[in-house]
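Here's the structure, in structure tokens; my notes come after.
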Amino acid sequence: MSFNFAETPEEVDTITEEAIERADTLVEQLVSSSPGTTADTLLPLDEIGAALADSFGRGGFMAFVHPDPAVREAGRRAEERLQKWAVDLVFRDDLYRAVKEFADSDEAKALSGEPARLLEFTLRDLRKAGHELEPEARDEAKRIAARLVELSVAFDRNVAEWQDHLTVSTEDLDGLPDDYIARLQLGEVEGTYKVTMAYPDVVPFLENARRRDLRRELAYKFNTRAVEANTPLLKEAVELRRRTAELFGLPSWAHYVMDEKMAKEPGRVSDFYDRLTPPLTDKGRLELDVMAKLLEQDTGESIVQPWDWRYYDTQIRRRDFGVDPHEVAAYFPLDQVLDGMLEITGEVFGVEYRVLDDQPVWHSDVTAWAIVDGASGEDIATVFMDLFPREGTYSHAAAFPLVAGRREDDGGYRHPISAIVANLTKPTPER
């Protein structure tokens, strides 16, 4: 199952344009079918969703992983365009009328299983688009939804592209192991190093660096990435969400979004936290008391700050439990961990994994794997593993669906394709 992703900004634009053109055609066919049926109402909606999702997987996803800044920016434009198109779709009056007309039909009322669930969710999304509101309120809700898409994409861009570091000397790295120091970028001044905002730099430093002032400085830099650019975006987004809830006559944004969640309404979440928080707080305070004693021994202070807890947690692990993260890591080289993970999951799920050497990838660090049914030998999925941080790419860890598995019109099945993106420490030839 070969996967073709965009390699240039132009390809991202083309993939996005073709998907939207296809979706536009399907929408026009849907709204012109009256009275509607499952075949000409629900199935086009499913195909529209697949077209947009596939377009993101081949084009918009490049915003998170591609090494070329121009391709990443094209991916963000694509992501924003696709999301805005989806916003416009659910606000269309003709779509609402077509779906409602079908929902009232005997055929719709007899649906069960996946088709019934798709209809239920479609009606929910149309209701949340404000089709039961007054026209002025619905127009405002639409403007807000589009603006929230813009704010989200801009916020993510600012974090991904943020560049900062902590400049340190060899003495400043007291407590860090030699292999950590060896992989740091060199600073502009001879004899200095850069501790970047990548997780493999930040987390070990906060866990091991003895210089409390430098732990504080790094934690502040990391937790305030793009703060100047993103604070006004966040404030605007919060206010727009509040206004959306107000338009729908709801107490809060949480009430607006949670009917899509298992809990259904915020009170259930609050009740869950009320039961969960007290025992965890009691346990946490006991652990903080132990950390506070160590902090007082080292500094004379007794209040554990956010830049302290990782460091003293690591010290306690070493002292009380004989667990040193760096020594443990030596027994878990990445290749060995991957082999073990694939072996265990292969046994549990009855599958096998095969490296796809001929599958193009967006960076030399990326590997592609076929997931094969152990009994029949049939290919059932593809997964990409992009496990190391790079400048401008996704700064956390996530699984991105690139192609959703779905039944095709001809009865065949399109196999799913996914990408695992992470920020693990990249192995070196020595370690």
Side-chain angles (χ1 to χ4, degrees), residues 1-33 36-66 71 74-96 98-99 102 114-115 117-126 128-129 142 145-146 149-150 152-153 260 360 362 381-384 399-419:
M1 292 175 286
S2 181
F3 177 73
N4 298 316
F5 58 89
E7 299 185 65
T8 67
E10 293 75 20
E11 289 180 356
V12 174
D13 294 340
T14 298
I15 289 169
T16 306
E17 181 63 32
E18 289 177 348
I20 289 177
E21 288 178 358
R22 172 62 178 156
D24 283 336
T25 299
L26 290 167
V27 173
E28 294 308 318
Q29 292 173 355
L30 188 162
V31 299
S32 63
S33 298
T37 64
T38 300
D40 52 35
T41 303
L42 286 188
L43 293 186
L45 286 173
D46 184 55
E47 192 170 344
I48 288 167
L52 298 183
D54 290 355
S55 171
F56 171 80
R58 296 177 56 215
F61 171 64
M62 292 298 107
F64 298 91
V65 295
H66 204 280
V71 177
R76 292 189 183 95
R77 291 197 306 270
E79 180 186 19
E80 181 174 324
R81 188 177 178 195
L82 291 169
Q83 290 188 28
K84 283 185 173 180
W85 189 94
V87 166
D88 288 339
L89 176 65
V90 294
F91 279 92
R92 288 183 59 151
D93 289 327
D94 52 0
L95 176 68
Y96 177 67
V99 174
F102 170 68
E114 291 179 358
R117 189 169 178 83
L118 177 58
L119 178 59
E120 175 191 350
F121 285 3
T122 301
L123 290 169
R124 176 202 67 194
D125 293 344
L126 291 169
K128 296 184 72 170
K142 180 179 179 180
V149 169
E150 296 172 355
S152 175
V153 172
E260 300 178 20
W362 49 86
T382 301
V383 61
F384 292 87
F400 291 84
L402 306 182
V403 172
R406 65 189 300 267
R407 185 68 59 190
E408 302 279 33
D409 292 341
D410 61 4
Y413 187 76
R414 186 173 54 172
H415 297 105
I417 301 175
S418 185

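Sequential numbering from 1 along the given sequence is applied to the chain's residues.
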Thr16 versus Asp13, side-chain donor and acceptor atoms under 3.5 Å =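 No, Thr16 and Asp13 have no side-chain donor paired with an acceptor closer than 3.5 Å.
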[X] to [Y] - nearest heavy-atom pair and separation:
X	Y	answer
Ala63	Gly75	CB-C, 3.6 Å
Ala6	Ile15	CB-CD1, 3.9 Å
Leu42	Pro115	CD1-O, 3.5 Å
Val87	Ala146	CG1-N, 4.2 Å
Leu95	Leu89	CD2-O, 3.3 Å
Gly405	Pro416	N-CB, 3.7 Å

Please check if atom CD in Glu114 has more than 12 non-hydrogen atoms from other residues, nucleotides or ligands closer than 6.0 Å.
->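 Not more than 12 within 6.0 Å, no.
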Give a yes or no on whether Arg124 atom CZ has more than 12 heavy-atom contacts from other residues, nucleotides or ligands under 6.0 Å away.
->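 Enclosed.
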Electrostatic pair [X]-[Y], nearest N-O below 4.0 angstrom:
X	Y	value
Glu11	Arg58	no
Arg77	Glu17	no
Glu47	Arg22	yes
Glu408	Arg406	yes
Glu80	Lys84	yes

Would you say the side-chain atoms of Asp40 pair up with the backbone N or O of Thr37, donor to acceptor, closer than 3.5 Å?
->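 Yes, because the side chain of Asp40 sits within donor-acceptor range (under 3.5 Å) of the backbone of Thr37.
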Please confirm whether the backbone N or O of Val149 pairs with a side-chain atom of Ser152, one donor and one acceptor, at under 3.5 Å?
->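 A pair under 3.5 Å: no.
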[atom2] on [Y] to [atom1] on [X], rounded to 0.5 Å:
X	Y	atom1	atom2	value
Leu52	Ile20	CG	CD1	7.0 Å
Phe91	Lys128	CZ	NZ	11.0 Å
Leu119	Thr41	CG	OG1	9.0 Å
Ile417	Thr382	CD1	OG1	5.0 Å
Glu28	Asp24	CD	CG	7.0 Å
Arg92	Leu126	CZ	CG	11.5 Å

From CA spacing to verdict: side-chain contact (heavy atoms from CB on, under 4.5 Å), Val403, His415 | CA-CA 8 Å; Val403 172; His415 297 105; over 6 Å; no
Which class fits the ring pair Phe61 and Phe400: parallel under 30°, tilted 30 to 60°, perpendicular over 60°?
->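 Plane angle between 30° and 60°, so tilted.
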Please state whether the rings of Trp362 and Phe384 are parallel, tilted or perpendicular, taking 30° and 60° as the class boundaries.
->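 Trp362 vs Phe384 ring planes: tilted.
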Test side-chain contact (heavy atoms from CB on, under 4.5 Å) applied to Trp85 and Val27, step by step | CA-CA 12 Å; Trp85 189 94; Val27 173; 3.7 Å; yes
Check step by step if side-chain contact (heavy atoms from CB on, under 4.5 Å) holds for Val71 and Glu7.
-> CA-CA 7 Å; Val71 177; Glu7 299 185 65; over 6 Å; no
Take Arg407 and Asp46, measure what salt bridge (charged side-chain N to carboxylate O under 4.0 Å, His left out) needs, and give me the verdict at the end.
-> CA-CA 10 Å; Arg407 185 68 59 190; Asp46 184 55; over 6 Å; no
If you define the side chain from C-beta out and look only at heavy atoms, does anything of [X] sit under 4.5 Å from [Y]?
X	Y	answer
Phe64	Glu79	yes
Phe3	Leu402	yes
Leu45	Val99	yes

